[in-house]
There are 2 protein chains.
Amino acid sequence: MTTTASARGREVRHRLLAAATELIPEVGWSSVSTRLLAERAGVAPGLVHYHFESLAVLLRQAALDVFRQALSGTEAALAPAPDLDAGLELLLASLDGYSGADPTSLLFIETYLAATRDQALGDELAELLYEFRSRLASWLRQHGAGDPEQTAAVLAAAVDGVMLHRALDPGLTSATVSPALRRLLATGPDRRRDT
Amino acid sequence: MTTTASARGREVRHRLLAAATELIPEVGWSSVSTRLLAERAGVAPGLVHYHFESLAVLLRQAALDVFRQALSGTEAALAPAPDLDAGLELLLASLDGYSGADPTSLLFIETYLAATRDQALGDELAELLYEFRSRLASWLRQHGAGDPEQTAAVLAAAVDGVMLHRALDPGLTSATVSPALRRLLATGPDRRRDT
DNA sequence: GATCGCCTTGGGCGATTGTCCAACCATAGC
DNA sequence: GCTATGGTTGGACAATCGCCCAAGGCGATC
């Protein structure tokens, strides 16, 4: 049980980040205070500014961690699908676990908003979005969807929009949106002119 | 130039609401303070709590006013369309005026978030969303789209999602998303089984 | 046992928060 | 000119904010 000082420090950093991912959805990004954070993490208030340069840096790191984790989880969900329709069902099913008002969904929206007021956060978030859409596009291309890049962009946006609206309308489940989104993936009846 | 007291009061109420619609996107819902609001409106700080029961009530009313105005504007945009594709183009074109990081877009997202923490706001917002989707669905039905209700719900969500992502990716214009969304409205190649 | 390095503590700093209120002003009816 | 009436003013209040820092704790190294 030899807990070195640096190991305890690492533990505290982790607890503070975990507390941030809890509190951002609960009280809102800009209402997460150093004292609230420290209390939730079970550490002394002064530790926040010892381990992190500022409150903004802490929140940014916590949010980006959750984002990366959620995106890779979503990608993993649709990996084993044999075709487009099956993949869409798997993707939507993996999202049925979120109500739109759950911590993860709210943290997503809070982060989108915070990104409009924090240049650094916005840059990193845009990069994550581009990478995710790129992988989604290549998956679509592999399974024969037309216009992979554009379709991926609209599908990603549509899914986020559904989560946004689901908080107001709990009936907006995968069963409800699946038929319409299937049409989105369908290879259009009119064939492409170029490329 | 006989300005009665009640007329001046009405004017102040209006200026405070206008200031709120400016400040919510600028600094974030929960960072709109009474003093900031009064300063922007050019009135004394004490007037906020004279004309409004609380800060929350003021923000709620301001946000809902903008919501109602924006939704009726969107409806008006697609009213003159002769068919589905033309209507979609008009709707998307009317949204090209918003960057995703503009005041109106940000106020929308801020309001969605605030609604998850303000029961009364959430209820009113859900009602507005239902009404809008209902009118959108009847428009879709009139022009021969299949599954009008579900399609309207997904279209409304997709449009909001596109606005959310546009802040991170300015290239997500109507020209980019139009082809994919047109497929969304297309009457599917497989015909409906029931109804 | 002394020293070093990292982590931790608890409170101080000035600024800002929502809400309230006593006092004040101007207009309308008489 | 007097009195209601409704609007307005600017400051008081306790609470909270981000950030900072002197002081102390403690395992590792010599």
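A, B, ... follow the sequence lines: proteins, then strands. Residue 1 opens every chain.
More than 12 heavy atoms of other residues, nucleotides or ligands shown are found within 6.0 angstrom of CD on A:Gln142.
Between the side chains of A:Glu89 and A:Ser174, no donor-acceptor pair is found at a separation under 3.5 Å.
Of the side-chain N and O atoms in B:His49, none sit less than 4.0 angstrom from OP1 or OP2 of C:dC20.
Cluster annotation: B:Leu90 and B:Leu92 are assigned to distinct hydrophobic clusters (Ile/Leu/Val/Met/Phe/Trp/Tyr, side-chain heavy-atom contacts under 4.5 Å, transitive). In the hydrophobic clustering of this structure, B:Leu36 groups with B:Val32; members are Ile, Leu, Val, Met, Phe, Trp, Tyr whose side-chain heavy atoms approach within less than 4.5 Å, directly or through other members.
Whole-Å rounding puts the A:His14 NE2 to C:dC7 P distance at 17 Å. Following rounding to the nearest Å, B:Phe52 (CZ) and D:dT8 (C1') show an atom-to-atom distance of 15 Å. A straight line from CD of A:Glu39 to C1' of D:dC17 spans 15 Å, rounded to a whole angstrom. When rounded to the nearest whole Å, the span between CZ of B:Arg10 and C1' of D:dG7 equals 13 Å. Atom CD of B:Glu11 is separated from atom C1' of D:dT8 by 15 Å (rounded to the nearest Å). Remark: P of C:dG18 and CD of B:Glu53 are 16 Å apart, rounded to the nearest angstrom.
Both B:Leu47 and A:Ser30 sit near DNA chain D, but only B:Leu47 has its closest nucleotide nearer the 5' end.
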Set out, line by line, the N/O atom pairs under 3.5 Å between protein and nucleotides 14-17 of chain C.
from, atom 1, to, atom 2, distance (Å)
C:dT17, OP1, B:Ser33, OG, 3.2

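For B:Tyr50, whose side chain is taken as the heavy atoms from C-beta onward, the closest listed nucleotide among D:dG6, C:dT9, C:dT8 is D:dG6. Listed nucleotides: D:dT8, D:dC19, C:dT8. Nearest to the side chain of A:Ser54: D:dC19. Of the candidates D:dG10, C:dT8, D:dG7, D:dG10 carries the atom nearest the B:Pro45 side chain, counting heavy atoms from C-beta on.
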- With side chain to side chain contact (heavy atoms under 4.5 Å, CB included) as the test, would you mind laying out the steps for A:Leu155 and A:Leu88 before giving the verdict? CA-CA 10 Å; A:Leu155 179 58; A:Leu88 181 63; 4.3 Å; yes

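Residues forming a ring-ring contact (aromatic ring centres under 6.0 Å, His included) with A:His143 (at least two apart in sequence, or on another chain): A:Trp139. Contacts of B:Glu131 classified as salt bridge (Lys or Arg N to Asp or Glu O under 4.0 Å), with partners at least two apart in sequence or in another chain: none. Residues that satisfy the salt bridge (Lys or Arg N to Asp or Glu O under 4.0 Å) test with B:Glu39, not counting sequence neighbours, are absent from this structure.
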Let me have the donor-acceptor pairs involving side chains of residues 109-119 of chain A, under 3.5 Å, with sequence neighbours excluded, atom names and distances please.
from, atom 1, to, atom 2, distance (Å)
A:Glu110, OE1, A:Trp29, N, 3.1
A:Glu110, OE2, B:Arg117, NH1, 3.3
A:Glu110, OE2, B:Arg117, NH2, 2.8
A:Thr111, OG1, A:Leu107, O, 2.6
A:Tyr112, OH, A:Asp160, OD2, 2.4
A:Tyr112, OH, B:His165, NE2, 3.1
A:Thr116, OG1, A:Leu113, O, 2.6
A:Arg117, NE, B:Glu26, O, 3.3
A:Arg117, NH1, B:Glu110, OE2, 3.3
A:Arg117, NH2, B:Pro25, O, 3.0
A:Arg117, NH2, B:Glu110, OE2, 2.8
A:Asp118, OD1, A:Ala120, N, 3.1
A:Asp118, OD1, A:Leu121, N, 3.2
A:Asp118, OD2, A:Arg60, NE, 3.2
A:Asp118, OD2, A:Arg60, NH2, 3.3
A:Gln119, NE2, A:Asp123, OD1, 3.3
A:Gln119, NE2, A:Asp123, OD2, 3.4

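Residues from residues 16-26 of chain B that place a heavy atom under 4.0 Å from any atom of DNA chain D: there are none.
A:Val12 comes within 4.0 angstrom of the backbone, heavy atoms only, and of no base.
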